[in-house]
Amino acid sequence: MQVIPMLKKQTALILSEGFGCGHTQAAHALAAGLEITDSRIQAKVLELGSFLNPRIAPMIHAAYRTAISANPGMIGKLYRNQYEKPLGGFSVLALHKLFYSQAYRTIQELKPDFIICTHPIPCAIVSRLKESGMDIPMYTLITDYDAHSSWIHPGADCYFVSTPEVRSLLMQRGVRNEAIQVTGIPVHPDFWTKQDKDLVRSQLELADLPTVLVMGGGWGLLYNEALIKTISAWREHVQFICCTGSNDKLAARLNRLSELQHPHIRVLGFTTEISKWMDASDLLVTKAGGMTCTESMAKRLPMLFYDSIPGQELKNQEYFVKMGYGLTLSSTDLLDQLLAQACFGARHEDGGPLAEICKFTSRNTSPSPYRPDLCVRQIAGILMPKTQEQSLSQAYL
């Protein structure tokens, strides 16, 4: 009997940062997808700053969250001002003092076969280490539908991007075409399929009503008086789930509002079951975070965008509106129109704003705009092309 050699697992170290939740969410989604897709890969996720500086990092993240809440326009201005510029000398020096030596020791201890970065800061750090002689392939996964210059570093062996438009932006900034792969943004395997709506609503103890999921990003930045007034006005006819993420104070604040005290309104804090809540919903009202938009697209859930942060979120919003996957909530009048159409059984072919964003939801009449399983398979194939040894092994299966 011929003995088939065991194939050594390859370790993917996926590095993120805790500025918002999308970057780390993408890292965990990719890790889970790779391990399901290719048994030769084992993945480890680290938020690099939090891991290396557990005292300093939470303060920096909290300051960033406060800045977004208090002055989102400033964040947008910084994004635009630095759009075509790489990290400056001061930023590089600060990263050197805070991270380089510690990061090198950590990478040496973990001994990864390749590194994937889902945030620009780890990209900069690993790129610098590679310039200093570290010989480990580095891949950059851009987690938005735009390409800010902070993502671009000479140490990147390949960029995984969401769309051909993002590839074009990278090429305009000097990145070689062969170093860019249009893969789409990976989402967790929970989002690869869509469950039966009636079954999921029963599991979540929801009524059989038109259902709107309202999200404010991973930090739960959700508080808009006009939106709350509209939710209250429609609460007899529409079911609302308001997801506040990890923002417990906001959840408590919403729960104290008399307008939201109704059986058809549920305030939801942090949950690992967003996939199910999307399956139960007919419409998503959200900020245009890259991961939330991609998950919704995978579920074919129409989107209505509000309060997107100037910068990458507005760029994401522009893309999804252009592609017909969502609309911009310029006023609550639009939300009223959509809810009226949903409540009175309007069909997509009847026209109106509902038709504009629901045309891609029918699996029978439109091609899939996004295949998350193929996205991860493509990335796995780039990381681990089939070897002759593996082909021999598979021939005996």
Side chain to side chain donor-acceptor pair (under 3.5 Å) evaluation trace for H23 with T143: CA-CA 7 Å; H23 299 286; T143 55; 3.1 Å; yes
Evaluation steps, side chain to side chain contact (heavy atoms under 4.5 Å, CB included), between I14 and L46: CA-CA 6 Å; I14 307 178; L46 284 182; over 6 Å; no
From CA spacing to verdict: side chain to side chain donor-acceptor pair (under 3.5 Å), S308, Q317: CA-CA 8 Å; S308 296; Q317 179 174 312; 2.7 Å; yes
Candidate pair S232 and I265, rule side chain to side chain contact (heavy atoms under 4.5 Å, CB included), full reasoning: CA-CA 9 Å; S232 177; I265 300 174; 5.7 Å; no
CA sep, side-chain torsions, deciding dist, call: E47, S16, side chain to side chain donor-acceptor pair (under 3.5 Å): CA-CA 5 Å; E47 280 190 351; S16 180; 5.1 Å; no
Stepwise side chain to side chain contact (heavy atoms under 4.5 Å, CB included) check, L327 with F305: CA-CA 6 Å; L327 294 172; F305 300 112; over 6 Å; no
Trace of the side chain to side chain contact (heavy atoms under 4.5 Å, CB included) decision for W151 with C123: CA-CA 7 Å; W151 286 101; C123 292; 4.1 Å; yes
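Of the options I115, I125, V45, a side chain to side chain contact (heavy atoms under 4.5 Å, CB included) to L15 is made by I115 and by none of the others. Of the candidates D279, T294, T193, D279 is the only one forming a side-chain hydrogen bond (donor to acceptor under 3.5 Å, both in side chains) with K299.
Hydrophobic clustering of Ile, Leu, Val, Met, Phe, Trp and Tyr side chains at less than 4.5 Å, counting indirect connections, keeps L284 apart from L314. Connection of I36 to L374 is not established within any shared hydrophobic cluster, with ILVMFWY side chains joined at heavy-atom distances below 4.5 Å, either directly or through further cluster members.
In this view, T230 satisfies the side-chain hydrogen bond (donor to acceptor under 3.5 Å, both in side chains) rule with no residue, not counting sequence neighbours. For D157, the side-chain contact (heavy atoms from CB on, under 4.5 Å) partners two or more places apart in sequence, or in a different chain, are K130, P137, M138. Remark: E236 pairs with H262 by the side-chain hydrogen bond (donor to acceptor under 3.5 Å, both in side chains) rule, at least two apart or across chains. With sequence neighbours excluded, the residues satisfying salt bridge (charged side-chain N to carboxylate O under 4.0 Å, His left out) with K322 are E165.
Checking side-chain atoms of T140 against main-chain N and O of C117 turns up no donor-acceptor pair under 3.5 Å. At distances below 3.5 Å, at least one donor-acceptor pair connects side-chain atoms of S132 with backbone N or O atoms of R128. For the pair S168 (side chain) and P164 (backbone), a donor-acceptor distance under 3.5 Å is present. For T37 (side chain) and G33 (main-chain N/O), a donor-acceptor pair under 3.5 Å exists by modelled atom type. Looking at S281, its side chain never comes within 3.5 Å of a backbone N or O of L283 through a donor-acceptor pair. In this structure, T106 contributes its side chain and Q102 its backbone to a donor-acceptor pair below 3.5 Å. Under a 3.5 Å cut-off, the side chain of T332 and the backbone N or O of L335 do not form any donor-acceptor pair. The backbone N or O of L34 lies less than 3.5 Å from no partner atom in the side chain of D38, so there is not a single donor-acceptor pair. Side chain of S127 to main chain of G155: a donor-acceptor pair is present (N/O by atom type, distance under 3.5 Å, no hydrogens or angles). Looking at D144, its side chain never comes within 3.5 Å of a backbone N or O of Q312 through a donor-acceptor pair.
Scanning both residues, R173 and S149, for their nearest heavy atoms gives NE-OG, 3.1 Å. Taking both residues in full, the closest heavy atoms of L141 and A26 are given as CD2-CB, 4.5 Å, listed atom of the first, atom of the second, then distance. Here the shortest heavy-atom pairing between G184 and C375 reads O-SG, 3.4 Å. The nearest pair of heavy atoms linking L260 to R235 is N-NH1, 4.4 Å. The two atoms that bring F114 and I136 nearest to each other are CA-CG2, 3.8 Å, heavy atoms only. When all heavy atoms of T11 and D113 are compared, the pair lying nearest together is N-OD2, 2.7 Å.
By the 4.5 Å heavy-atom criterion applied to side chains, L383 and Q10 are not counted as neighbours. Side-chain contact between M134 and I107 is present, with heavy atoms from C-beta onward closer than 4.5 Å. Counting heavy atoms from C-beta on, the side chains of K287 and M215 never come closer than 4.5 Å. For the pair P122/E17, a side-chain contact is recorded, criterion being any heavy-atom separation below 4.5 Å from C-beta on. No side-chain heavy atom of V321 sits under 4.5 Å from any side-chain heavy atom of M303. Inter-residue side-chain proximity for Y159 and L170 is flagged as met; some heavy-atom pair is nearer than 4.5 Å. Under the 4.5 Å side-chain criterion, counting only non-hydrogen atoms from C-beta, M278 is in contact with S296.
With values rounded to the nearest 0.5 angstrom, Q181 atom CD is found 8.0 Å from R167 atom CZ. Annotation: the span from I228 atom CD1 to F240 atom CZ amounts to 11.5 Å, rounded to 0.5 Å. Atom OG1 of T292 sits about 11.0 Å away from atom CG of L301, to the nearest 0.5 Å. Atom OG1 of T328 and atom CD of E318 lie 8.5 Å apart (nearest 0.5 Å). Interatomic distance, M384 CE to S39 OG, rounded to the nearest 0.5 Å: 8.5 Å. Taking CD1 from I379 and CD1 from I41, the interatomic distance works out to 10.0 Å, rounded to the nearest 0.5 Å.
Using modelled atom types, one finds no donor on one side chain facing an acceptor on the other under 3.5 Å when comparing Q378 with T183.
Between Y319 and Y325, the ring planes lie perpendicular to each other; the angle is over 60°, past the 30° to 60° tilted range.
For residues 160-213, the pairs satisfying ring pair (Phe, Tyr, Trp, His ring centres under 6.0 Å) are Y139-F160, with sequence neighbours left out.
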Less than 3.5 Å apart, which donor and acceptor atoms pair up between the side chains of residues 197-214 and the rest of the protein, not counting sequence neighbours?
residue: K197; atom: NZ; partner: D282; partner atom: OD1; Å: 2.5
residue: R201; atom: NE; partner: A280; partner atom: O; Å: 2.8
residue: R201; atom: NH1; partner: D208; partner atom: OD1; Å: 3.4
residue: R201; atom: NH1; partner: L209; partner atom: O; Å: 3.1
residue: R201; atom: NH2; partner: L209; partner atom: O; Å: 3.3
residue: R201; atom: NH2; partner: T211; partner atom: OG1; Å: 3.3
residue: R201; atom: NH2; partner: A280; partner atom: O; Å: 3.1
residue: R201; atom: NH2; partner: D282; partner atom: OD2; Å: 2.8
residue: T211; atom: OG1; partner: L209; partner atom: O; Å: 2.8
residue: T211; atom: OG1; partner: Q239; partner atom: NE2; Å: 2.9

